[in-house]
Each structure stands twice: as structure tokens, then as C-alpha cells.
Amino acid sequence: MLLKEYMSRGAYQEFIDDCGASPILYDLLENCKCTAYDNKINATSIPITRKPMIRESVDWFNNVYQTIVNQGNYWHKIVRTPSGGISVKRNNYMPPMYDVTHTVSTVCLTIVSELGCYRIIIGSAPRENDDITGREAYNRLKQEFKFDNIDIESYAIENGKEVKEKIVKPYIKLADPRIAGKTYYNAHHIDINSSFLAGVACAHPELRPTIERIYDNRKSGSDYQNKLYKAILTHSYGFFQSQFLRINDHPYALSQFAKEALDFNNAVIDDLALKLELSGRQVLAYNTDGIWYIGDIYTDDNTGKRLGQYKNDHTNCTIRFKSAGAYEYIENDTYNVTVRGQTLLDRVIPREEWHWGDIFKDCAEVIKFEWSESLGILSKE
């Protein structure tokens, strides 16, 4: 029974007697997505509530976390399966349960109780399709291949971790450090269309028809289907190399796809940068699958809208870089800003209200966060 059902009867004490839980916790979770308790809950079926890594959200998250921790032995820790799921074995499954997993940029709190099951992720500002997980995107991709009589899991490898360790980083850098702080005019951005899955299609021609169908249909179906297809194109790359993708009991089971994807991406970017420079244009910066440059707008035989081709998605901009991950530009008289991470300035002024030069203010430095088992998320300002 959910808290609101107790509250509708004014049964606050009954809630405490029945559940032993803190009503404060479920007041805090009132506006979060949840699913009903199930004694065989699947982790992927628990909806995700995403919040940005800003002070207001962090304070709320820490309040939720500390409310659980302060109840001591009432809560048990979730036992995870090798694939990252929730173990439902008799000696492991003892609701109410919770756990916290974290990476360099995100913290995820999972709650399993008879009052509801929650996944709360604090990280960078939510982006399009962020409520679809990498596993969900992969499962749909697997289904799409099955439609074409292809078993994608037959491509699984046993040395996935070894392959993952050989994946080079994407390019996120200025072409020259001296570019920082200078204003450039007549700047354009060119990027590759769904470069990661295009790389998989290039390495495995037999997979191309399925991948191209997903790419071509990403805007032609229902809102949900479009969202799901876009998530396949953006999220699969990460899940291919995840420890939680286990096939035949081997983790990182499709890491070679992730490596092929990034190798293709970087090769196209290298080739494109050389073409830009040889044609008299100047490369300013690289951002994974795209390049900022100045000069005339560049096109060639590979310019187009198809999978793996490239297009100019921003043109005739005035741009200034603070760093590879922080820059501002004006396009069609509209100011735009990109900063990887959250800043002190975000706390007082929404980013859509920033102005030219704001990224260079001291308060626009990116806030660093770290995880504390006893306190939660701590900021390093």
C-alpha cells in the first residue's frame, strides 16, 4: 500500500506500525516515479527519476539517503546479480532494501520496499531520452535484429574487458590551446550522423539494413517509438561495453562493437579535419563526433542526411571558447552556451538567461562532486 493511501485515511501512525518506515522518506519521494512492490522485482522495470547535479537536487537527494541510513537495521542492502540486477534469491531478497551505485558523473539510489520501488539518478542535466536506460535501448536493438533473423548475441566475445581497455577516448579538445578566449566569426559546426552505430554498420555490413531502418524511422513513428529509436542510436554504444552486458556469463560481451564504433568515429573526424585544413579552413575544436571550424561552409560527396554522413548543423556563428567543454556562440542573433557540468552560476541564473561572457566568470567554474557513504553527495567548490 502506498503512503498516500494511508494518508487519505489519516492513518499516519498505522503507516509507521505497519511499515516501520519513516513517513518523512515517503513525503520526500512523493513526486518521484515509482512502481508497485513485487517480490520478484526486475531492476529495469523500476522507473527512473533524474535530477541535475545542482545544490537543490543534491540537498534533496542527501535528505532521502540520510533518512534511510539513519533508520539503521530496518533497511537491508540490495544484493546484486553479476549482470547488475536485483537478486531475488530467498536469502538475498529482504525488503525494504536500497543501494547506491556511482560513477564519475552520476549517483543512483535504488529503493525496493512494499511502499514502492524507486530509482533516483543525480547527474548532469537530464537530456533527451535519458529516461530510457542503456539496457532498454539494447533490448529493443536486439529485438530489431531478431526481426531480420539476426541473433546479435551470437557476436558475443569472451575477452570483452580486454577489448574495452583498448577503446581510445573520443576527441574533446581545442585544436590549439591559444584558441581559448578569442572570438571567432563565420564559424560552423559539422557532425557525423549517428556515428557510433554507423561504425558498427561499417564493420559488419550484414547489420547495416537493421541499423539503417532504425535510423531512418527515428522520426516517423509514435512519440515513444521515435524516442526509443533515438535512444538506441545514442545509448547502445555505452551498453555494448558495460560490465552488465553479460552473454554466456561473460561481461562486456559486445565491447568490440563499442571499439569499432569509436574507431570509425575518430577515423572520420581525422579525415574531415584534414580536409578542412587542406581546403584553407581552420579547425577550432573537436567534440566527440563533430568539429567547429571557420571559413566557408564545407561540403563534399559525404555530406548528407544518411547514416554515417556528415552535415553542418550550426552555421555562420560568432563563437568563443573557454575550454573544450565550455564555450558560447551566437547563431541567428540567439545566444547559446555549452558547459559540461554544473556551476555556481546555475544556482542563481538559469542557463537560458546567461549572456555573452558569463562563462568566464569565477562563479561559472564547474562544481566537482564526490560520494560519501555516510553523508551522500559532497561538493568540492
Side-chain angles (χ1 to χ4, degrees), residues 42-48 50 83-85 103 106 108 119 121 123-124 126-157 160 163-164 167 170 191-247 251-265 268 288-290 304-311 313:
N42 187 318
T44 61
S45 69
I46 303 175
I48 297 173
R50 290 186 183 269
S83 64
T103 65
T106 63
C108 176
R119 276 192 294 173
I121 296 180
S124 55
R127 299 168 299 174
E128 184 182 14
N129 308 325
D130 260 357
D131 55 340
I132 297 176
T133 66
R135 183 182 293 277
E136 290 168 330
Y138 167 74
N139 285 339
R140 181 53 185 259
L141 176 63
K142 182 168 65 172
Q143 183 180 352
E144 291 290 332
F145 279 120
K146 189 175 181 180
F147 291 154
D148 296 330
N149 298 314
I150 295 173
D151 177 11
I152 194 64
E153 297 198 341
S154 68
Y155 289 78
I157 57 176
V163 172
K164 175 183 172 67
I167 299 175
D191 76 343
I192 310 167
N193 302 323
S194 296
S195 68
F196 289 157
L197 279 192
V200 176
C202 183
H204 303 276
E206 73 278 10
L207 303 182
R208 179 175 290 277
T210 306
I211 294 173
E212 286 190 339
R213 183 179 68 246
I214 294 169
Y215 176 79
D216 292 341
N217 290 342
R218 73 197 186 283
K219 297 180 181 179
S220 61
S222 66
D223 289 344
Y224 177 75
Q225 178 177 293
N226 292 348
K227 191 175 186 179
L228 186 57
Y229 279 2
K230 289 177 183 177
I232 290 173
L233 297 167
T234 56
H235 295 11
S236 296
Y237 162 78
F239 196 68
F240 287 151
Q241 56 182 306
S242 168
Q243 63 176 313
F244 299 126
L245 178 50
R246 301 180 71 91
I247 301 174
Y252 314 97
L254 294 174
S255 288
Q256 81 277 21
F257 284 172
K259 185 176 187 303
E260 291 160 352
L262 195 53
D263 286 348
F264 170 85
N265 176 86
V268 175
T288 304
D289 60 351
K305 297 181 179 180
R306 295 194 60 78
L307 179 77
Q309 292 186 310
Y310 37 74
K311 65 184 181 303
D313 55 348

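The residues of the chain are indexed from 1 along the displayed sequence.
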By side chain to side chain donor-acceptor pair (under 3.5 Å) - contacts of Q243 (at least two apart): none
Show the nearest heavy-atom pair for residues G85 and A43, with the distance to one decimal. CA-CB, 4.4 Å
Would I232 and L197 satisfy side chain to side chain contact (heavy atoms under 4.5 Å, CB included), going step by step from the backbone distance to the final call? CA-CA 9 Å; I232 290 173; L197 279 192; 4.0 Å; yes
Side-chain touch I150/L207, heavy atoms, less than 4.5 angstrom: yes
Between atom OG of S236 and atom NZ of K142, what is the distance when rounded to the nearest 0.5 Å? 12.0 Å
Sorted by chain and number, sequence neighbours left out, side chain to side chain contact (heavy atoms under 4.5 Å, CB included) with Y215 holds for N193, S194, R218, L233, L307
N149: partners by side chain to side chain contact (heavy atoms under 4.5 Å, CB included), with sequence neighbours left out: none
Beyond-backbone contact of Y229 with T234, side-chain heavy atoms, under 4.5 angstrom: no
If we only count heavy atoms from C-beta on, is the F145 to D151 side-chain gap below 4.5 Å? no
Below 3.5 Å, can you tabulate the donor-acceptor pairs from side chains in residues 253-263 to any protein atom, sequence neighbours excluded?
unit_1: S255; atom_1: OG; unit_2: G160; atom_2: O; d: 3.2
unit_1: S255; atom_1: OG; unit_2: Y252; atom_2: O; d: 2.9
unit_1: Q256; atom_1: NE2; unit_2: Y155; atom_2: O; d: 2.7
unit_1: K259; atom_1: NZ; unit_2: D263; atom_2: OD2; d: 2.9
unit_1: E260; atom_1: OE1; unit_2: H204; atom_2: NE2; d: 2.9
unit_1: E260; atom_1: OE2; unit_2: H204; atom_2: NE2; d: 3.3

Checking T288 now: which residues fulfil side chain to side chain donor-acceptor pair (under 3.5 Å) with it, not counting sequence neighbours? none
Output the distance between atom CD1 (I214) and atom CG (L228), rounded to the nearest 0.5 Å. 9.0 Å
Taking side chain to side chain donor-acceptor pair (under 3.5 Å) as the definition, give me every residue that meets it alongside N139, ordered by chain and number, with sequence neighbours left out. none
Identify the heavy atoms of G308 and A198 that sit nearest to each other, and give their distance. CA-CB, 3.6 Å
R135: which residues meet the salt bridge (charged side-chain N to carboxylate O under 4.0 Å, His left out) condition with it, sequence neighbours left out? none
Sequence neighbours excluded, the answer for ring pair (Phe, Tyr, Trp, His ring centres under 6.0 Å) partners of Y138 is F239
Rounded distance [0.5 Å steps], OG1 in T210 versus CD1 in I152: 8.5 Å
Minimum heavy-atom distance between P209 and P205, given as atom pair plus value: CD-O, 3.5 Å
R246: which residues meet the salt bridge (charged side-chain N to carboxylate O under 4.0 Å, His left out) condition with it, sequence neighbours left out? D249
Backbone of I192 reached by a side-chain donor or acceptor of S195 within 3.5 Å: no
Partners passing salt bridge (charged side-chain N to carboxylate O under 4.0 Å, His left out) against D191 (at least two apart in sequence or in another chain): K311
Between R140 and E136, does any NZ, NE, NH1 or NH2 come within less than 4.0 Å of an OD or OE carboxylate oxygen? no
Does the pair C202 and R208 meet the rule for a side chain to side chain contact (heavy atoms under 4.5 Å, CB included), with working shown? CA-CA 7 Å; C202 183; R208 179 175 290 277; 4.1 Å; yes
Can you name the salt bridge (charged side-chain N to carboxylate O under 4.0 Å, His left out) partners of D148, sequence neighbours left out? R213
Return yes if some donor-acceptor pair links the side-chain N/O of Q309 with the main-chain N/O of R306 below 3.5 Å, else return no. yes
